[in-house]
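Below is one structure, written out as structure tokens, with a few remarks after it.
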Amino acid sequence: MGITGVPAGWPADEETALDVQRELRERLVLDEEGPAAGEGHVTGLDVAYDDERDLVAAAAVVLDAGTLEVVERATAVGRVSFPYVPGLLAFREIPTVLAALDALAADPGLLVCDGYGLAHPRRFGLASHLGVLTGRPAIGVAKNPFTFAYDRPGPDRGDFAPLRADGEEVGRALRTRSGVKPVFVSVGHRISLDNACAHTLALTPRYRIPETTRHADALCRRALQEARAA
DNA sequence: GCGACAG
DNA sequence: ATCTTGTCGC
């Protein structure tokens, strides 16, 4: 396994990235229910950075949606492809994430991203971008509210409050653990918001953060450490 | 113009 | 994201 280079033609400046975002947005599919929660595979994706050494490590962990047991794991190490710019996170994370996904032999099923999908300034966050590029159903589960305002959801697991933008529900602040800060769920591609929330609850039997993300987070950090040593 | 701002 | 020990609580 070598180091994945930044793809030829990958946007290098914000203006170009915004153009690409606008183009890909047209391919977003929002009229599908998506796979049922608890069935098939769910794949967690996450990325760790070392900007000092210009290194990025991504992890993809496939789980059995019913048992939440690990089916397969893959990692990829690459070069930083874009600076962090709120609203353009996908351009920073996607090249290496795609490399990790390509290394999988199993069917990824639903892609679970660490970030947003439709709940995005231009309705095309990381989860939507990755969904369109792979053609797969995808959801975004973020740990922070980004720029969206929301009413405090009820105190129990399963309670939620809409994330609104221009009067429309672009996502939900969903309580995955009673009495604990909610997570922020939004549709990425080819799935409904209700179903995205059902999947998120199915993935959080014990912790606030989905099992998919927890596995991917631990794995990409380990991969980054190994890349530093090499 | 000044902050806020997924990871 | 990342820099970072101990510590309170179930």
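Each chain gets a letter, A, B and so on, in the order the sequences are listed, and its residues count up from 1. Just so it is clear, the model here is predicted, and its values are computed rather than measured.
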task = Please work out if A:Phe146 contacts a base, only the sugar-phosphate, or nothing of the nucleic acid, heavy-atom cut-off 4.0 Å.
result = base
query = Rounded to the Å, how far apart are A:Arg206 CZ and C:dC10 C1'?
reply = 10 Å
message = Mind checking if A:Gly140 touches a base, just sugar-phosphate, or nothing, with heavy atoms under 4.0 Å?
response = nothing
request  = Answer yes or no: is there an ion pair linking A:Asp217 with A:Arg214, defined by an N-O contact shorter than 4.0 Å?
outcome  = no
ask   = A:Phe184 and A:Val187: same hydrophobic cluster, using ILVMFWY side-chain contacts below 4.5 Å?
value = no
task = Could you check A:Val61, A:Thr96, A:Leu219 and say which one makes a side-chain contact (heavy atoms from CB on, under 4.5 Å) with A:Thr75?
result = A:Leu219
task = Would you mind reading off the distance between A:Arg53 atom CZ and C:dA1 atom C1', rounded to a whole angstrom?
result = 16 Å
task = Determine the contact category for A:Ala119: base if any of its heavy atoms lies under 4.0 Å from a base atom, sugar-phosphate if only primed atoms, P, OP1 or OP2 are that close, otherwise nothing.
result = nothing
message = For a side chain to side chain donor-acceptor pair (under 3.5 Å) check, start with the C-alpha distance between A:Ser192 and A:Asn195, then their side-chain angles and the critical distance, and finish with the verdict.
response = CA-CA 5 Å; A:Ser192 69; A:Asn195 200 11; 4.8 Å; no
query = With sugar-phosphate meaning primed atoms plus P, OP1 and OP2, does A:Ile94 contact a base, only sugar-phosphate, or nothing at under 4.0 Å between heavy atoms?
reply = nothing
key: Separation of atom CG in A:Asp114 from atom P in C:dA1, rounded to whole Å   = 7 Å
task = Validate the cation-pi geometry between A:Arg25 and A:Phe124: distance from NZ or CZ to the six-membered ring centre under 6.0 Å, angle to the ring axis within 45°.
result = no
ask   = How would you label the contact of A:Asp51 with the nucleic acid (heavy atoms, under 4.0 Å): base, sugar-phosphate, or nothing?
value = nothing
inquiry  = Would you say that A:Thr43 contacts A:Leu110 through its side chain, given a criterion of any heavy-atom pair below 4.5 Å between the two side chains?
reply    = no
remark   = DNA chain B: first to last nucleotide in contact with chain A (atom under 4.0 angstrom from a heavy atom), 5' to 3', is B:dC5 to B:dG7
key: Length of the line joining A:Arg208:CZ and C:dC10:C1', which is rounded to integer Å   = 18 Å
message = Taking the side chain as everything from C-beta on, heavy atoms only, tell me whether A:His199 gets closer than 4.5 Å to A:Ile191.
response = yes
A:Arg79 side chain vs A:Asp54 backbone, donor-acceptor pair below 3.5 Å = yes
remark   = Here the helical stems involving DNA chain C, each at least 3 consecutive Watson-Crick or G-U pairs closer than 3.5 Å, sorted by first residue number, are none
query = Going by the angle between their ring planes, with limits at 30° and 60°, are A:His129 and A:Phe91 parallel, tilted or perpendicular?
reply = perpendicular
